[in-house]
Amino acid sequence: MQLTVEALQRWIINTNEKMQENKGYLSELDQAIGDGDHGHNMARGFQEVVNKIEGNSFEEAGSLFKQVAMTLISKVGGAAGPLYGTAFLKASDEWKEKTTIDQEALGKGMEAAIAGIKTRGKAQEGDKTMLDVWGPIHAYVTTQPLQREKLKKTAKEAMEKTKEMTAKKGRAAYFGERSAEHVDPGAYSSYLVFEALAESITNEGDANG
Amino acid sequence: MQLTVEALQRWIINTNEKMQENKGYLSELDQAIGDGDHGHNMARGFQEVVNKIEGNSFEEAGSLFKQVAMTLISKVGGAAGPLYGTAFLKASDEWKEKTTIDQEALGKGMEAAIAGIKTRGKAQEGDKTMLDVWGPIHAYVTTQPLQREKLKKTAKEAMEKTKEMTAKKGRAAYFGERSAEHVDPGAYSSYLVFEALAESITNEGDANG
Amino acid sequence: MKKLINQPEQVVDEMLEGIIAAHPEKLKRLPGLNVVVRKEAPIKGKVGLISGGGSGHEPAHAGFVGENMLDAAVAGEVFTSPTPDQILETIKAVDGGKGVLLIVKNYSGDVMNFDMAAEMAQAEGIEVEQVIVKDDIAVDIKEDRRGVAGTIFVHKIAGTAASEGKSLKEVAQIARKTAENICSMGVSLSPSTVPASGKPGFTLNDNEIEIGTGIHGEQGMERQSLKPADQLTEEIMNNILHEMEFSPGEEAAVITNGLGSTPLMELYIVHRKAAELLKNKQIQLKKSLVGEYMTSLEMAGCSITILKLDDQLKSYLN
Amino acid sequence: MKKLINQPEQVVDEMLEGIIAAHPEKLKRLPGLNVVVRKEAPIKGKVGLISGGGSGHEPAHAGFVGENMLDAAVAGEVFTSPTPDQILETIKAVDGGKGVLLIVKNYSGDVMNFDMAAEMAQAEGIEVEQVIVKDDIAVDIKEDRRGVAGTIFVHKIAGTAASEGKSLKEVAQIARKTAENICSMGVSLSPSTVPASGKPGFTLNDNEIEIGTGIHGEQGMERQSLKPADQLTEEIMNNILHEMEFSPGEEAAVITNGLGSTPLMELYIVHRKAAELLKNKQIQLKKSLVGEYMTSLEMAGCSITILKLDDQLKSYLN
Ligand SMILES: Nc1ncnc2c1ncn2[C@@H]1O[C@H](COP(=O)(O)OP(=O)(O)O)[C@@H](O)[C@H]1O
Ligand SMILES: Nc1ncnc2c1ncn2[C@@H]1O[C@H](COP(=O)(O)OP(=O)(O)O)[C@@H](O)[C@H]1O
Ligand SMILES: [Mg+2]
Ligand SMILES: [Mg+2]
Ligand SMILES: [Mg+2]
Ligand SMILES: [Mg+2]
């Protein structure tokens, strides 16, 4: 697998489309165990990202993702803003000067991103957050050949698993055990991010290419 | 007709009973074209009056009605308090030293009361207020022999007539022509006052006695 | 009815106890009465200032008792004018020998009860003047207009004038001038519920608002469907400015007043548009009060009040 | 959703415009940002004080910008923490060379965004300290407690300390001491509706209340049926006093805070009972704030905040 800068750009644009489509649903999820703004936060942030990157062409992945990260940081707000922002910022460091991203580079970028989320949010996997999607995806990316449908399935299953978890971080933690009947909104938005990634891979032809 | 001080006292006690029974209805009438407190105001005031006069015996009508008036003035509040208070205060002046009230004295007391209401409230008959009951009752008392049922009927008809009137004074005036579908709450409470008076007359035996 | 109360009959008494508990160093209650008085009252050589009316309009009126404002406030039952005996005792409690000014909102109940108290006090040899506030232009006939949030400007300006040691005649004259230069108008989005009755004072559909509703839920000018804040503000401002004569360059003070449950956020959105409209007309906005000054329990909505300033009024307002 | 707004996306911007329109002589807005700053800022020789958070809690936070209080407030979207870039610009705008203190409520979003901004500012050579307010005892684990109305006491006390010219270290230390001596707890009678979503944040039955609800509608401790104000106040006060160590004769300050649509009348009824309970425990009530300080849009209900005073805190509070 090789993702060109253009493919990466399409990944982000596709992610935005998913955020817009799922804005209401994400906020509904957040209303159940949070404050009901997650969809609006993500939709606002990714729309700004697309406004910034669409039409521009980037020479390498590092500057693309730095732009993505800085825009998310300054436009999302809430808990999701610094976390997604930090994730992409850390990844952009890994992807500096790269004109294509192969599976190994993807794994390294994700590793840096996850470390960033953990430092910033002081959460662990199992705390019912977006980390519970990022973790399993990272494990998959670093151990198996990437396949579009498999990637989607991994993300979906990880997201669905957060339903049973009891939240330990973020607003949902206030709900204690009562949080354990609802999918985590940040996990759902991360699922959308990786679903979009999977679709970008297909666009490049063979999923294993 | 002769009303002893005791009969007058019973009139007031009977009036209070009617105010308590009709508290909710009076406030409902007031809610339609006012602020919904008339029943509460009248019930609170007359209850205090009864607390003050019950058990006591008064030598003459003047001091009884001065007590009634002062209590209404200090306990009813709103527009009704000063008006009913002034009415009974002016009547008490007329009835000073009297141990019984005959029809002529009743008429004189009412005349003074009405003058008091008019001075205080600057309203005229026809403005859709309590005056539109006091006026017709006064006319009846000063022109025809008092009869229990006739007195009741006169009060009731006068009260009902206020339904068609357009309010010119008090809160109902804000409703302008839209006030013309509702009985005036002060007219209704005055109807109760005179219904109680009629019942006191019967208690004395022959209505013409 | 979902309210943080105990017995509906006790709300006024318990509220007043709470006010005194909150500010024991500044306020006292006249024993046995629903009256809040400045601790220093009566103040020798200063005209005494009294306001009052039915309860349910908090912070009006007890919230305006203090330095450079009122000496006392008389609280009636909820939405019911207080009685003359209570007002009379208040007059006695604040008379420092220079007489007392009563600030009264133009409702027949208030006017009559304050009138009776003034007569009684005068009979006892106390000089009393009254100013009747009639700022609600939702009522057509000028003489019948209700007193609403503009009353706060009268408290403030008369309060400063009294603090300066002006005579009763002078304070009353300034208060009347203030009252004559105030126009207000409100809009209601939802009704309030008087504790004793337990039922909302009127009903509005989900998408319905009422322009010109009074602070006791009195009928307004018309029902409309909900519209953007800017449009609504413009409508209210046009109504008010139509009643007032402003030449370019003249000065105004504005109260954007919440009726009870409208968030401050929304009041600022309304105020922003009001300020913009004044600017368009070259009217200088010299003072803004944005918040809850004269409420109607938990009614949703707001009112806008404009006071036309001259140099004298401006100097007393600050 | 019946609100006095224009577009839901515009509420924060238009509210801030309204605040500036109301107080142009005292406040300015940082161009292009959702930040309200004292007109005099940056003030040389004074520690800069910044608070902020999601909007919808008005008057928090911009309403507390002024002399002896905050130098600036950063406003996020409704119920959404502001972003680091806005906070960074605010830090730069109020740094008078003595460093800047950030007053942050303990929500993961706020903490992370303010953290990032602090790191950025430090990287640019500005001294920054933070105090995290965690006063809501409805949350069991101390470290996870939310910041609610008690934040106002931190604004005020740190504000006075900063005005006196104290160093950043000193102001931060006093602010932290204040924060550690505050406990709060709320009760909600009805939910609020975020303009962008248009739907109430939760639902309560006609006769149901929720004890311990957060100011964004976060789940509380338990749902109960409506009960008399005195009983409810006692329950909340017991919870708070159970968390605090008070000996007879010690002193306290209290905020009885309205969440948005609860009439001031009801707040005073609650405050009355709170004051009585303190008296019973021989705790001296030295300062009372009763009104809307930290709201949740038009949520009905209230919160009670207790600050345990010592001589230092008391002197800075007045
Ligand atoms: N400390 C944390 N670590 C990792 N993820 C977190 C943390 N706190 C919150 N999140 C994620 O952020 C999501 C909520 O984001 P959002 O609703 O936009 O912010 P807020 O909670 O401030 O309203 C949660 O569903 C969760 O996945
Ligand atoms: N100026 C007036 N003259 C005579 N009666 C009046 C006047 N104003 C009001 N009323 C009477 O008082 C009644 C209302 O009393 P109430 O509801 O107790 O007082 P308020 O209007 O202050 O709430 C009206 O129905 C009317 O009959
Ligand atoms: Mg959220
Ligand atoms: Mg009435
Ligand atoms: Mg009334
Ligand atoms: Mg949020």
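Quick caveat: nothing in here was measured; it's all calculated off a predicted structure. Note on naming: letters A, B, ... go to the chains in the order of the sequence lines (proteins, then strands), and numbering restarts at 1 for each one.
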Q: Sort Leu226(C) into side chain, backbone, both or neither according to what part of it lies under 4.5 angstrom from a heavy atom of chain D.
A: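 Looking at Leu226(C), just its side chain touches chain D.
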
Q: With a 4.5 angstrom heavy-atom cut-off, could you sort out which part of Asn207(C) is near chain D: side chain, backbone, both or neither?
A: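 Interface part for Asn207(C): backbone (N, CA, C, O).
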
Q) Does Asp206(C) CG have over 12 foreign heavy atoms under 6.0 Å away? A)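 Counting neighbours around CG of Asp206(C), 12 or fewer heavy atoms of other residues, nucleotides or ligands fall under 6.0 Å, so no.
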
Q. Any chance CD of Glu67(D) has more than 12 other-residue heavy atoms, nucleotides or ligands included, within less than 6.0 Å?
A.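 No, because the 6.0 Å sphere around CD of Glu67(D) holds 12 heavy atoms or fewer from other groups.
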
Taking all atoms of both residues into account, what is the closest heavy-atom pair of [X] and [Y], and its distance?
| X | Y | answer |
| --- | --- | --- |
| His23(C) | Tyr268(D) | NE2-OH, 4.1 Å |
| Gly56(C) | Met265(D) | N-CE, 3.8 Å |
| His271(D) | Gly18(C) | CD2-O, 3.9 Å |
| Leu204(D) | Lys2(C) | CB-NZ, 3.7 Å |
| Ala21(C) | Ser288(D) | O-OG, 4.0 Å |

Q | Engaged part of Leu232(D) at the chain C interface, taking heavy atoms whose separation is under 4.5 Å | A |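 Contact with chain C: side chain only.
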
Q | Between Pro195(D), Ala275(D), Ala22(D), the one whose heavy-atom pairs under 4.5 Å with chain C are most numerous | A |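 Looking at each of Pro195(D), Ala275(D), Ala22(D) in turn, Ala22(D) comes out on top.
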
Q) Using a cut-off of under 4.5 Å for heavy-atom pairs, which of Met15(D), Lys273(D), Glu14(D), Glu208(D) has the most such pairs with chain C? A)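 The candidate making the most pairs under 4.5 Å is Glu14(D).
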
Q: For the pair Lys3(D) (side chain) and Ala229(C) (backbone), establish whether a donor and an acceptor sit closer than 3.5 Å, ignoring hydrogens and angles.
A: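 Side chain of Lys3(D) to backbone of Ala229(C), a donor-acceptor pair under 3.5 Å: no, none is there.
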
Q: Check whether any side-chain N or O of Asp230(D) sits under 3.5 Å from a backbone N or O of Asn6(C) as a donor-acceptor pair, and report yes or no.
A: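 No, the answer is negative, given that no donor and acceptor are paired below the 3.5 Å cut-off.
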
Top of [options] for chain D proximity - count of heavy-atom pairs under 4.5 angstrom:
| options | value |
| --- | --- |
| Ile19(C), Leu16(C), Val290(C) | Ile19(C) |
| Val270(C), Leu285(C), Val11(C), Thr256(C) | Val11(C) |
| Val78(C), Ile5(C), Asp13(C) | Ile5(C) |

Q. How many angstroms lie between atom CD of Glu276(C) and atom CD of Glu17(D), to the nearest 0.5 angstrom?
A.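 Here the interatomic distance stands at 8.0 Å.
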
Q: Please lay out, stage by stage, how Leu264(D) and Thr295(C) fare under the test side chain to side chain contact (heavy atoms under 4.5 Å, CB included).
A: CA-CA 9 Å; Leu264(D) 201 45; Thr295(C) 61; over 6 Å; no

Q: Apply side chain to side chain contact (heavy atoms under 4.5 Å, CB included) to Leu189(D) and Leu4(C), showing your working.
A: CA-CA 9 Å; Leu189(D) 274 65; Leu4(C) 291 172; 3.9 Å; yes

Q) Pick one: which of Glu58(D), Met299(D), Glu298(D) meets side-chain contact (heavy atoms from CB on, under 4.5 Å) with Pro263(C)? A)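 The option that passes is Glu298(D).
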
